[in-house]
Amino acid sequence: MTASPRPLIAILDYGIGNLHSAQKGFDHAGADARLTSDPGLIADAVGVVLPGVGAFGPCMSALHSKGLDRVAVERIHAGVPFFGICIGMQVLFTGSEEAPGVSGLGVFEREVGLIPGDVKRPQMQWNIIERRVDGHPMFAGLPDASWAYFVHSYTAADGPDVIATCDYGAHIVAAVARDNVWAAQFHPEKSGTVGLRILANFVETAVSHQAEST
Amino acid sequence: MTVRAIRVIPCLDVDAGRVVKGVNFVDIRDAGDPVELAAIYDAQGADELVFLDITASSDRRDTTVEMARAVAEKVFIPFTIGGGIRTAGDARRLLMAGADKVSVNTAAVKRPELVVEISREFGSQCCVVAIDAKSSSDTESGFEVFTHGGRIRTGLDAVTWAREVVRLGAGEILLTSMDRDGTKNGFDLDLTASVTSAVDVPVIASGGVGSLEHLVEGVTDGGADAVLAASIFHFGQHTVGEAKALMIDRGITVRPIG
């Protein structure tokens, strides 16, 4: 097999909503991004992305019906760079107030709840990503006060893996990361040049991970 | 302090996948190309785009799906497509092609369950309900919902209807004053304030913008979460960047350009 000049990034295709934009965003960021639910192709990818729009319950049931819940967890445990976006971030938690009784993937062991306070829900706007830690590769090359596009009514509980927040009534979680898993509440594929840089940072991280592990 | 960043949204009319109604930029190669125009507005600092599909014949609607796909391939900011969406299937095709939100108007008045269907399948965040309203002494709020581009009155109170569509699952309201649309006299601020204070989802003010001051008023007096305009941007009268500079000057938080 000849090496592809563009690194293969698998965008998990669970068939709901606008997943096309994530694929085009990663293509733009230099990857060969494929929307797929084929475990073989996913296994060949240097990085795996769980994009998302919509609600927690329908997303989990769509993932489950295609077997992609197991594939995602298996890839994460194999140490492959993994990026969850928006609802694709939320389903990495154990569950959500949005869908009581529905189990998430449990990669991060806490819950997702309604955005607190007397604010409009959804938060549907650009907001400033406030970094909590320095030097995470997600934000490499970006200025401190970078803006990203958020659309969500629910927010992950705070924890030690939170790398960025945004100010929306309270400081709510904007991004989490642990080991090979990145997750963003905002939509990098809809956040203009800032977002494209974040996608490119993931591709770069995935490529160097592959180089180290072969 | 909570960041509440007001969005500035250029609106483009499209017919059979082409932008119509006199967009007139210097240096533009193809004033009808939605991708090129979207990229220009992105570069100017537009926070989102709205495409209003005015294609008359339904058998040419596939061109709108193709347009969504083409825009999503090149432009990485959110965009909404409205006009002619009658079923959840229509919404699905546009969303799967790359639109972030769909906006429903007449079809939601005829069959409010459409709002439930779209929001349940795709989430409230991508279900915008467009409300075209005119002053009317026959309704309690003084504003009545009209459909078919402002030609047909519904008897619905605009504020009551706004509350109802939010209850059904709308994640955002695109509110257009048909009295002001095309006048360049500014938003109907009474209408805007009546609706923004009645619902807890974001409201986009639309209809009547003729100057940058009008955009400011929509936020300060109308309470809008986003402001939409067409002609002041299309004819090169002002850029989105100029709009944002004035808004920042007036103490309104917006995403800075660049």
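All values derive from a computational prediction rather than experimental measurement. A note on names: the letters A, B, ... follow the listed sequences, proteins ahead of strands, and every chain is numbered from 1.
Counting heavy atoms from C-beta on, the side chains of B:P256 and A:W147 come closer than 4.5 Å. Side-chain contact between A:Y149 and B:R255 is absent, with no heavy atoms from C-beta onward closer than 4.5 Å.
By number of non-hydrogen pairs under 4.5 angstrom with chain A, the leading residue of B:E172, B:E121, B:R92 is B:E172. Comparing B:G123, B:A72, B:A5 by how many heavy-atom pairs each has under 4.5 Å with chain A, the most go to B:A5. Options A:K190, A:K24, A:E189 differ in how many heavy-atom pairs under 4.5 Å they form with chain B, and the most are formed by A:K190. When A:Q23, A:H20, A:H152 are compared by the number of non-hydrogen pairs under 4.5 Å with chain B, A:H20 comes out ahead. In terms of non-hydrogen atom pairs under 4.5 Å with chain A, the most contact-rich of B:L94, B:D47, B:V199, B:V201 is B:D47.
With a 4.5 Å cut-off on non-hydrogen atoms, B:A91 does not touch chain A at all. For chain A, no part of B:A68 is nearby; none of its heavy atoms comes within less than 4.5 Å. Only the side chain of A:L196 comes within contact range of chain B, with at least one heavy atom under 4.5 Å from a heavy atom of that chain. Interface residue A:Q125: backbone and side-chain heavy atoms are both found under 4.5 Å from chain B. Proximity to chain B (any heavy atom under 4.5 Å) is restricted, for A:S191, to the backbone atoms N, CA, C and O.
The only option from B:I77, B:T253, B:V3, B:I6 that meets the side-chain contact (heavy atoms from CB on, under 4.5 Å) definition with A:W126 turns out to be B:I77.
A pairwise comparison of heavy atoms in B:P202 and A:P122 identifies CG-O, 4.0 Å as the closest pair.
One distance of note links NE2 of A:H28 with NZ of B:K74; it measures 7.0 Å at 0.5 Å rounding. Note that the CZ atom of B:R69 and the OG atom of A:S21 stand 10.5 Å from one another [nearest 0.5 Å].
In terms of modelled atom types and a separation under 3.5 Å, the side chain of B:R7 and the main chain of A:M124 share a donor-acceptor contact. Proximity of a side-chain donor or acceptor of A:K120 to a complementary backbone N or O of B:D200 within less than 3.5 Å is not detected.
When the shell of 6.0 Å around CD of A:E204 is examined, it contains 12 or fewer heavy atoms from other residues, nucleotides or ligands. Within a 6.0 Å radius of NE2 in A:H171, other residues, nucleotides and ligands contribute more than 12 heavy atoms. Sparse packing is recorded around CZ of B:R120, with 12 or fewer heavy atoms of other residues, nucleotides or ligands lying under 6.0 Å away.
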